[in-house]
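Worksheet: one structure, shown below.
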Amino acid sequence: MAVKLKNEYCKNFVSDSELKQIEAEAEEARKTLEEGTGAGSSFTGWVRLPYDYDKEEYKRIKAAAEKIKKSCDVFIVIGIGGSYLGARAAIEFCTSPLYNTLKKDTPDIYFAGNSISPSAMAELLQICEGKDICLNVISKSGTTTEPAIAFRIFRELLIKKYGKKEANERTFVTTDKARGALKKLADAEGCETFVVPDDIGGRYSVLTAVGLLPICVAGIDSDAMLKGAFDAAEKFRKAPFEDNDAMKYASYRNLLYRDGKTTEIMACYDAGYAMMNEWWKQLYGESEGKDNKGIFPASVIFSTDLHSLGQYIQQGLRNIFETVIRFNEPNVDVKIPYDEDNADGLNFLYGKTLYEVNANAEAATILAHNDGGVPNIILEFDKKDAYNFGYAVYFFEYACGVSGYMLGVNPFDQPGVEAYKKNMYALLGKPGFEEMGIELKKRING
């Protein structure tokens, strides 16, 4: 099993009898998810994705990735939210957070369109100077402000550098299969296109073309990733509750929430998991945070954050629980050398590996936090690779769908994110929002 839940540090907070009592509720939530009878069921295509993804498009994705690898030094991926977090998480999980600085035979990959920061854009444009560039713009509609602005800027750059014909050949568009501003432009200009599925929302889309093209460009084994997702689907869609860690994870989360533990902190002791944390936060925050309900998702990378947030976790408000990600096998390891002077007093660590020290730091922290009144759920991964990434993505997605229905919300919509967009359109003077803009400026100016 690529992901295994261990509950020994939850037992003082959730009894076996409580877990047994919630079992029927979890089974009902799974039934709702599987039968498509719940709110948002038209966006549950990801449940069956490992079985019935478009094999022909997948071949085209891999072919396009090979073309991109041969054509450019820098690959710019334009998207926001689920249109970039999953791919970036996969690249850092399977390779390194330092991917762009590693020796490799694949292009550097940068992500744009996920903010409106002028300095970030200026720096990225500077990085592209004198380099061959390809673009992948990802947007269902093509009109989302942040990626649309970035696409304007980089499309102009490519046209000036290569001319319109070659710029179009270097532009790969992932969008709606039939409609929208971006689809219309791609068809008119002859850009190669891939599909954002109608029945899969952005935060569940990493194993579609949305994530797979950048993942393949990075040289990651996408076949192994999809196999991991398939094996997870086989496990969690069919296994009974007592043998189903995705359902147990959903159940522990809901039981702790009902006991006043309203914040979940995902903790990992590997820096390569940081962007996976970010993907997870969007998945759970956007899925569950509505109707004045929801567990607030937060994250830390230890031991780094033990020197900043460790004090709060140990002795702060007791409304938190931790989900700790553990890797049972390091991809690489480093031994600690001997120092004759022993000025730092650390010769007792001589000959030990960093993995061993890190594992003991993890064990010590779990014990301390548990003694401090913080429940800890442990999720054990075999190792950090493509197979485990695919397995973990499906694990978290399936648990999220079950957990959301147990919570009593629609896990597949996000109506709240429209509020800031309307305000921004009004303040920037978008046609049709003029009156709203006047009222908002009055409020801002007092």
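Ring-plane geometry between F381 and Y273 is classed as perpendicular, the angle between the planes exceeding 60 degrees on a 0 to 90 degree scale with a lower cut at 30. In this structure, F111 and Y84 have tilted ring planes: the angle between them lies in the 30° to 60° band. In this structure, H369 and F302 have perpendicular ring planes: the angle between them is above 60°, well past the 30° mark.
Remark: aromatic rings of F230 and Y394 are distant, center separation not under 6.0 Å. Taking the six-membered ring for Trp and the full ring otherwise, F236 and Y391 have centroids separated by under 6.0 Å.
The residues E27 and R30 are annotated as salt-bridged, a charged nitrogen and a carboxylate oxygen being separated by less than 4.0 angstrom. Under the 4.0 Å criterion applied to side-chain N and carboxylate O atoms, K62 and E66 are not assigned as salt-bridge partners. Between K293 and E288 there is no salt bridge, since no side-chain nitrogen of the basic residue lies less than 4.0 Å from a carboxylate oxygen of the acidic one. Under a 4.0 Å N-O distance rule, the pair D245/K4 does not qualify as a salt bridge. Here E18 does not pair with K11 in a salt bridge; the nearest charged N to carboxylate O distance is not below 4.0 Å.
Checked against side chain to side chain donor-acceptor pair (under 3.5 Å), N331 has no partners two or more places apart in sequence or in another chain. Residues meeting the side chain to side chain contact (heavy atoms under 4.5 Å, CB included) test with A65, sequence neighbours left out: L213, C216, V217. The salt bridge (charged side-chain N to carboxylate O under 4.0 Å, His left out) check on D176 picks up K140, R179, with sequence neighbours excluded. For I116, the side chain to side chain contact (heavy atoms under 4.5 Å, CB included) criterion is met by E146, I149, M424, not counting sequence neighbours. Here N254 pairs with I22, R258, S403, M406, L407 under the side chain to side chain contact (heavy atoms under 4.5 Å, CB included) rule; sequence neighbours left out. Under the rule for a side chain to side chain donor-acceptor pair (under 3.5 Å), T32 has no partner lying at least two apart in sequence or in another chain.
The cationic atom of K352 (NZ for Lys, CZ for Arg) does not lie both less than 6.0 Å from the six-membered ring centre of Y350 and within 45° of the ring axis. A cation-pi arrangement is not found for R60 relative to Y58, the charged atom failing to lie both closer than 6.0 Å to the ring centre and inside a 45° cone about the ring normal. Relative to the six-membered ring of Y99, K104 meets both conditions, a distance below 6.0 Å and an angle of at most 45° to the axis.
Interatomic distance, CZ of R155 versus CG of L135, reported as 9.0 Å (0.5 Å rounding). Within the model, atoms CG of L125 and CD1 of I76 stand 8.5 Å from one another, a figure rounded to the nearest 0.5 Å. Atom CD1 in I78 sits 11.5 Å away from atom OG in S83 (nearest 0.5 Å). To the nearest 0.5 Å, the span separating CZ on F412 from CZ on R203 amounts to 8.0 Å. Here the OG1 atom belonging to T323 is positioned 8.5 Å from the CG atom belonging to L256, to the nearest 0.5 angstrom.
Residues F75 and V77 have side chains in contact (heavy-atom distance under 4.5 Å, counting atoms from C-beta outward). Here the side chains of I336 and T353 are not in contact, with every heavy-atom distance at 4.5 Å or above.
At least one donor-acceptor pair under 3.5 Å links the side chain of K290 to the backbone N or O of N410. Judged by distance alone, the side chain of K281 and the main-chain N or O of F296 form no donor-acceptor pair under 3.5 Å. Panel note: side chain N376, backbone F321; no donor-acceptor pair is recorded below 3.5 Å. Judged by distance alone, with hydrogens and angles left aside, the side-chain atoms of S287 form a donor-acceptor pair with the main-chain N or O of P411 at under 3.5 Å.
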